[in-house]
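The analysis underlying the following values was restricted to heavy atoms, covering all of them including side chains, and did not include hydrogens, waters or symmetry mates. Treat the numbers as computed from the prediction; the structure is a model and nothing was measured.
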Amino acid sequence: MTVRVRFAPSPTGYLHIGSARTALFNYLYARSTGGKFLLRIEDTDIARSTEESTRSILDGLAWLELDHDEDIVFQSDSADKHRETARKLLADRKAYRDFTPKVEATGDVKAGIAERARAAQGVKNMRDNPYRDLSTGESDARAAAGEPFAIRLKVPMEGRTAFDDAVYGIQERDYDDTEDLVLLRSDGHPLYNLAVVCDDIEMQITHVIRGQDHLTNTHKQILIYEALGVVPPIFAHLPLIMAPNKGKLSKRKHGEVVSMTTYRDAGFLAAAFRNFLALLGWSAGEEQEIYTLSELIEKFSLDGIHRSNAVFNFHENDPRHWTDDKAQWMNAEYIRTMPVEQLLPFVRPELKAAKLWRDEYEDGTRTPSSANVAEDGVSLEVGSAEWYEKTVDLIRARFFTLKDFSSRGRSYFSEDYDFDAAAVEKNLTKFPDLKTWLPELANRFENEFSEERVSSPNVREGFTSKPFTEENIETVVKAFTEEKGTKLGVIMNGARTLLTGVAVGPSMLSVFETLGLKRTVMRLRSQVAWKT
RNA sequence: GUCCGGUUCGUCUAGGGGUUAGGACACCGCCCUUUCACGGCGGCAACACGGGUUCAAAUCCCGUACCGGAUACCA
């Protein structure tokens, strides 16, 4: 039997981190078993469902690359079938018409339900509905007379529902604890449990993998399967993802941190986030943390799923820990260790969005004529595809998100970058001599190197033509430092701040080389930083 | 209230009768270094509690506590 699983979100908001994980687990299970991963939009709550939300959920799934099989099923399209099923159950006397007038919920719905349940405690049997055993004749007559009614499932008086959950094990529940659930509202609207069972049957779902909050629904749904004479699928309930206080994780309370789009927009790599999500409530029982998608598919199994809820750990008022540390670490880990050519396609849109992109960065668009790249490849023309790749590779080591390429890495791609006040203070203002030394160093570079066509009145006649490479730069900077009787760090750090605007980054020699002679010289002469 | 589920470092987790209870993140320290949020080394830090079973319990059983979920003519 081919495995068929489904992810069935209700479109009442964006793709929540918990739903995303449910989708991921379904996806992994389907792919690991050679089964099908189906998508069903449970849009039967007309008042709350929106198309925008459906789109947002699909966007989220697309971003995570959880591609589904077959056409998307919209639950609302099958309402007639659901009604028909309810009527069939009625005809089979597995369900009955309840003529009790509908009571509208007011105020806090959840609290009201709990209150009502408490009040009913011990007072009455959950199934002692006066209409439960109404004769067919009278029921038909009242219905024919136009009296409104809901259709309720007739839960047997004796016995219990039981199923073997793939995660939680044997689950049993006395019929006594289950109310005769409404299948069809008095306005003819089919309700969730009926709709889900009908659709799961229709879609030939073999495994229902969903949140643990559905555990009691499962008992109700099994009752419907039994009434219908259909063998229920296998159920696997997932532990829930909680807020740091172990409470419910919600948009109301926690905002954007729970939305998948937040991570996409914050410069997360889908692969990294997927990896993080996979480890929230599941483990392969080993010490590995970084898994490629194919490894996840290969290793995923229902027995690796935990029974206890997991905390999504973030700190609302701490910008550095605004989301789970491990998610951030994992993203950084992906950025700095994945093959650079795989990273490039993600950096490009980021630079484009920040208007830092140049077409020359694209592979294959280089113009050979403009290249004065040394034969050994050490000094690359700034702006070439090779330069771009090398630069991305250099600066990614200390980056956490794709956003960093356009923010903290801005100075590599544009002349228009900001100076960090603390860095200026620490590395420039503190050493006033640098104000003259650095432009002097620029002249020195210009005289010593010839990587680029620099036209300047300061170029000496008969200069030695050396490539602007780390090794050569080091010699020059060291000599310069000695002449000035200062420490290498003073020059290097001053140059770093002037050239990149910040106090941190890769080796300064590689920064010089990466920026190239022309830009290095220009920036060393710049006095802008001193004015801030 | 009732039903159901859960409980190993701050967080994610490994381990499921005998372990110095392992790893990762975070945090702290040292090293590397011209700087650094890279890297290297190290440190802090956990079996909820009480009973039982057993030669031996984090691990099995029972209870308690706490946390969570559910309880709807919502999904």
Side-chain angles (χ1 to χ4, degrees), chain A residues 8-10 12 42-45 47-49 75 98 100-105 109-110 112-122 126 148-152 168 171-174 176-179 181-187 189 191-193 195-196 211-217 219 237 239-240 242 244-248 276 279-290 306-314 320-321 324-330 332 336 396-400 408 423 426-427 477 481 487-497 502-509:
Chain A
S10 52
T12 54
E42 308 214 318
D43 56 348
T44 55
D45 188 337
R48 290 193 297 158
S49 299
Q75 191 157 59
D98 180 4
T100 313
K102 181 186 178 184
V103 276
E104 294 291 342
V109 182
K110 284 270 182 189
I113 292 158
E115 189 43 50
R116 198 163 66 104
R118 233 187 316 279
Q121 206 64 50
M126 297 183 86
F149 60 86
I151 295 179
R152 282 184 187 271
Y168 288 92
Q171 299 294 307
E172 292 175 318
R173 186 177 167 94
D174 279 350
D176 284 347
D177 296 318
T178 303
E179 192 181 25
L181 54 138
V182 173
L183 303 174
L184 210 61
R185 242 198 256 165
S186 50
D187 63 2
H189 184 81
L191 254 27
Y192 177 74
N193 284 305
V196 167
Q212 186 242 69
D213 50 336
H214 284 287
L215 231 22
T216 45
N217 278 332
H219 288 282
H237 289 88
L240 270 19
M242 314 304 286
N245 66 356
K246 300 198 194 297
K248 198 170 183 173
F276 167 74
L279 262 21
L280 216 50
W282 171 83
S283 87
E286 58 188 10
E287 287 181 354
Q288 188 174 340
E289 304 269 346
I290 304 290
H306 309 146
R307 275 164 282 268
S308 55
N309 295 341
V311 169
F312 182 57
N313 199 19
F314 60 94
R320 195 179 157 94
H321 304 283
D324 197 290
D325 287 325
K326 203 151 193 172
Q328 298 203 66
W329 166 78
M330 201 158 281
R336 58 188 173 235
R396 67 175 171 152
R398 288 163 184 80
F399 285 177
F400 284 77
R408 303 190 320 176
K426 181 185 168 203
N427 294 331
V477 175
T481 304
K487 281 188 285 193
L488 190 60
V490 173
I491 301 293
M492 290 297 202
N493 293 328
R496 176 189 303 286
T497 297
V502 294
V504 306
S507 149
M508 201 48 213
L509 294 171

Check whether any side-chain N or O of [X] sits under 4.0 Å from OP1 or OP2 of [N], and answer yes or no.
{"X": "A:Thr12", "N": "B:A75", "value": "no"}
{"X": "A:Arg185", "N": "B:C74", "value": "yes"}
{"X": "A:His306", "N": "B:U13", "value": "yes"}
{"X": "A:Lys246", "N": "B:U11", "value": "yes"}
{"X": "A:Arg48", "N": "B:C74", "value": "no"}
{"X": "A:Thr216", "N": "B:U71", "value": "no"}
{"X": "A:Arg307", "N": "B:U8", "value": "no"}

Rounding to an integer number of Å, can you tell me how far [X] [atom1] sits from [N] [atom2]?
{"X": "A:Asp325", "N": "B:U13", "atom1": "CG", "atom2": "P", "result": "15 Å"}
{"X": "A:Met242", "N": "B:U7", "atom1": "CE", "atom2": "C1'", "result": "13 Å"}
{"X": "A:Leu215", "N": "B:U2", "atom1": "CG", "atom2": "P", "result": "19 Å"}
{"X": "A:Asn193", "N": "B:U71", "atom1": "CG", "atom2": "P", "result": "9 Å"}
{"X": "A:His237", "N": "B:G5", "atom1": "NE2", "atom2": "P", "result": "13 Å"}
{"X": "A:Glu289", "N": "B:G22", "atom1": "CD", "atom2": "P", "result": "16 Å"}
{"X": "A:Asp324", "N": "B:U13", "atom1": "CG", "atom2": "P", "result": "10 Å"}
{"X": "A:Gln171", "N": "B:A70", "atom1": "CD", "atom2": "C1'", "result": "12 Å"}

Legend entry - Note, A:Val477 side chain near A:Met492 side chain (heavy atom, < 4.5 Å):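 A side-chain contact exists here, since the closest heavy-atom pair is under 4.5 Å.
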With a non-hydrogen cut-off below 4.0 angstrom, is [X] in contact with a base, only sugar-phosphate, or nothing?
{"X": "A:Pro506", "result": "base"}
{"X": "A:Glu179", "result": "sugar-phosphate"}
{"X": "A:Pro148", "result": "nothing"}
{"X": "A:Gly505", "result": "base"}
{"X": "A:Ala310", "result": "sugar-phosphate"}
{"X": "A:Gly281", "result": "sugar-phosphate"}
{"X": "A:Leu509", "result": "base"}
{"X": "A:Asn217", "result": "base"}
{"X": "A:Asp45", "result": "sugar-phosphate"}
{"X": "A:Arg336", "result": "sugar-phosphate"}
{"X": "A:Lys426", "result": "sugar-phosphate"}

Legend entry - Carboxylate-amine/guanidinium proximity below 4.0 Å for A:Asp187 and A:Arg185: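 Salt bridge: yes.
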Could you measure between the two [atom1] atoms, the one in [N] and the one in [M], and give it in whole Å?
{"N": "B:A72", "M": "B:A65", "atom1": "P", "value": "26 Å"}
{"N": "B:G42", "M": "B:C4", "atom1": "P", "value": "49 Å"}
{"N": "B:G10", "M": "B:A46", "atom1": "P", "value": "7 Å"}
{"N": "B:U11", "M": "B:A45", "atom1": "P", "value": "16 Å"}
{"N": "B:A56", "M": "B:A14", "atom1": "C1'", "value": "22 Å"}
{"N": "B:U35", "M": "B:C30", "atom1": "P", "value": "15 Å"}
{"N": "B:U54", "M": "B:G17", "atom1": "C1'", "value": "9 Å"}
{"N": "B:A24", "M": "B:G43", "atom1": "P", "value": "12 Å"}

Go through [options] for me and flag the one nearest to the [X] side chain.
{"X": "A:Lys110", "options": "B:C73, B:C12, B:A72", "value": "B:A72"}
{"X": "A:Val504", "options": "B:U7, B:C4, B:C36", "value": "B:C36"}
{"X": "A:Met508", "options": "B:U34, B:A75, B:G6", "value": "B:U34"}
{"X": "A:Thr44", "options": "B:C38, B:A75, B:C67", "value": "B:A75"}
{"X": "A:Ser507", "options": "B:U34, B:G23, B:C12", "value": "B:U34"}
{"X": "A:Ala114", "options": "B:C25, B:G1, B:G69", "value": "B:G1"}
{"X": "A:Lys326", "options": "B:G23, B:A37, B:U11", "value": "B:G23"}
{"X": "A:Asp177", "options": "B:U35, B:A24, B:C3", "value": "B:C3"}
{"X": "A:Ile113", "options": "B:U71, B:A14, B:C27", "value": "B:U71"}
{"X": "A:Tyr192", "options": "B:A75, B:G23, B:U35", "value": "B:A75"}

Inset, instruction - Report the residue (A:Arg118 or A:Asn427) whose heavy-atom-nearest nucleotide on RNA chain B is the more 5′ of the two. - result: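 Taking each residue's closest nucleotide, the earlier one in sequence belongs to A:Arg118.
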Inset, instruction - Tell me which of A:His219 and A:Val311 sits closer to the 5' end of RNA chain B, going by the nucleotide each one is nearest to. - result: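 Upstream on the strand: A:His219.
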Is [N] paired to anything, Watson-Crick or G-U wobble with both distances less than 3.5 Å, and if yes, which nucleotide?
{"N": "B:U2", "answer": "B:A70"}
{"N": "B:U33", "answer": "none"}
{"N": "B:A24", "answer": "B:U11"}
{"N": "B:A58", "answer": "none"}
{"N": "B:G16", "answer": "none"}

For the backbone of [Y] and the side chain of [X], can you confirm whether one donor and one acceptor N or O come within less than 3.5 Å of each other?
{"X": "A:Gln288", "Y": "A:Ile290", "result": "yes"}
{"X": "A:Ser49", "Y": "A:Thr12", "result": "no"}
{"X": "A:Arg408", "Y": "A:Arg398", "result": "yes"}
{"X": "A:Gln328", "Y": "A:Arg320", "result": "yes"}
{"X": "A:Asp324", "Y": "A:Asn313", "result": "yes"}

Legend entry - Rounded distance [0.5 Å steps], CD in A:Glu172 versus NE2 in A:His219: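 Going from CD on A:Glu172 over to NE2 on A:His219, the span is 8.5 Å.
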Inset, instruction - Compute whether any side-chain donor of one residue and acceptor of the other, for A:Arg173 and A:Thr178, lie under 3.5 angstrom apart. - result: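 A donor-acceptor contact under 3.5 Å links the two side chains.
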Inset, instruction - Please state whether the base of B:A37 and the side chain of A:Arg408 form at least one donor-acceptor pair under 3.5 Å? - result: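 In this structure, the two groups form a donor-acceptor pair.
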Legend entry - Residues which pass salt bridge (charged side-chain N to carboxylate O under 4.0 Å, His left out) with A:Arg307, listed by chain and number, not counting sequence neighbours: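 Here no residue qualifies.
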